[in-house]
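To start, the structure itself, in structure tokens.
FYI, side chains are in, hydrogens and waters are out, and symmetry mates aren't considered; it's all heavy atoms of this structure.
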Amino acid sequence: MFLISLLVLLVRAARPSDILESPESVQVMLGLPATLKCRTSSPTREITWYKDGAQFLLDQEVGRCLLLPDGSLFFLTTSAGDAGDYYCAVTGRKLVVRSRSARLSVL
């Protein structure tokens with residue numbers, strides 16, 4: 001039993017980062033700001049956001065969306081096109097840890 005526990009601990013320690021806070025579904029009125037959280041246990045990580053299963057490209061949303069220092073996705077103003085299912089993925093040392101999905105609804 002001790003060996004299994006030690007093995008689990010070693011595998012867990014080898015992960016690039018644990019996601020401490022996954023995004024949660026949110027409803028927001030059109031034009032208002034919204035934040036989707038993605039807080040990790042590691043300050044040295046690469047965070048990628050996905051919307052409806054495809055990579056969400058922040059450079060196409062310049063001036064409307066920001067990737068905050070803690071990994072959260074912040075919408076300065078929301079539009080109807082922002083609605084969808086989002087998740088974040090944390091990458092490090094060839095491993096990827098994925099968050100739970102959350103729905104952003106724009107009313």
Exercise. Above 12 or not: heavy atoms from other molecules or residues under 6.0 Å from CD of E21?
Worked result: yes
Exercise. Going from NZ on K37 to CG on L68, what distance comes out if it is rounded to the nearest 0.5 angstrom?
Worked result: 8.0 Å
For this session: Provide the closest heavy-atom pair for K51 versus G84 in the form atom of the first, atom of the second, distance.
Result: CE-CA, 4.4 Å
Problem set entry | Single hit among L20, V90, V97 for side-chain contact (heavy atoms from CB on, under 4.5 Å) with T40 | V90
Exercise. Can you name the nearest heavy-atom pair linking W49 to C38, along with the distance?
Worked result: CZ2-CB, 3.5 Å
Seminar exercise, completed: Rounding to 0.5 Å, atoms CG (L57) and SG (C65) come to a distance of 11.0 Å
For this session: Could you tell me the separation between the CG atom of L73 and the OG1 atom of T35, rounded to the nearest 0.5 Å?
Result: 8.5 Å
Exercise. Can V28 and F75 be said to form a side-chain contact (heavy atoms from CB on, under 4.5 Å), step by step?
Worked result: CA-CA 11 Å; V28 63; F75 295 84; over 6 Å; no
For this session: Taking all heavy atoms of D70 and all of I47, pick out the closest pair and write down the distance.
Result: O-CD1, 4.3 Å
Exercise. If we only count heavy atoms from C-beta on, is the L76 to R64 side-chain gap below 4.5 Å?
Worked result: no
Exercise. Between OG of S22 and CZ of R98, what distance do you get to the nearest 0.5 Å?
Worked result: 10.0 Å
For this session: With rounding to the nearest 0.5 Å, note down the distance linking CZ in F56 to CG in D82.
Result: 6.0 Å
Exercise. Do L66 and Y50 share a hydrophobic cluster, counting only Ile, Leu, Val, Met, Phe, Trp and Tyr and linking them when any side-chain heavy atoms are less than 4.5 Å apart?
Worked result: no
For this session: Please report the shortest heavy-atom distance between V96 and A89, naming the atom on each side.
Result: CG1-CB, 3.8 Å
For this session: Kindly give the heavy-atom pair with the smallest separation between L104 and A34, and that separation in Å.
Result: CD1-CB, 4.1 Å
For this session: Might you point out which heavy atoms bring Y86 and P23 nearest each other, and give the distance in Å?
Result: O-CG, 4.3 Å
For this session: Measure the OG-CG distance between S101 and D52 for me, rounded to the nearest 0.5 Å.
Result: 9.5 Å
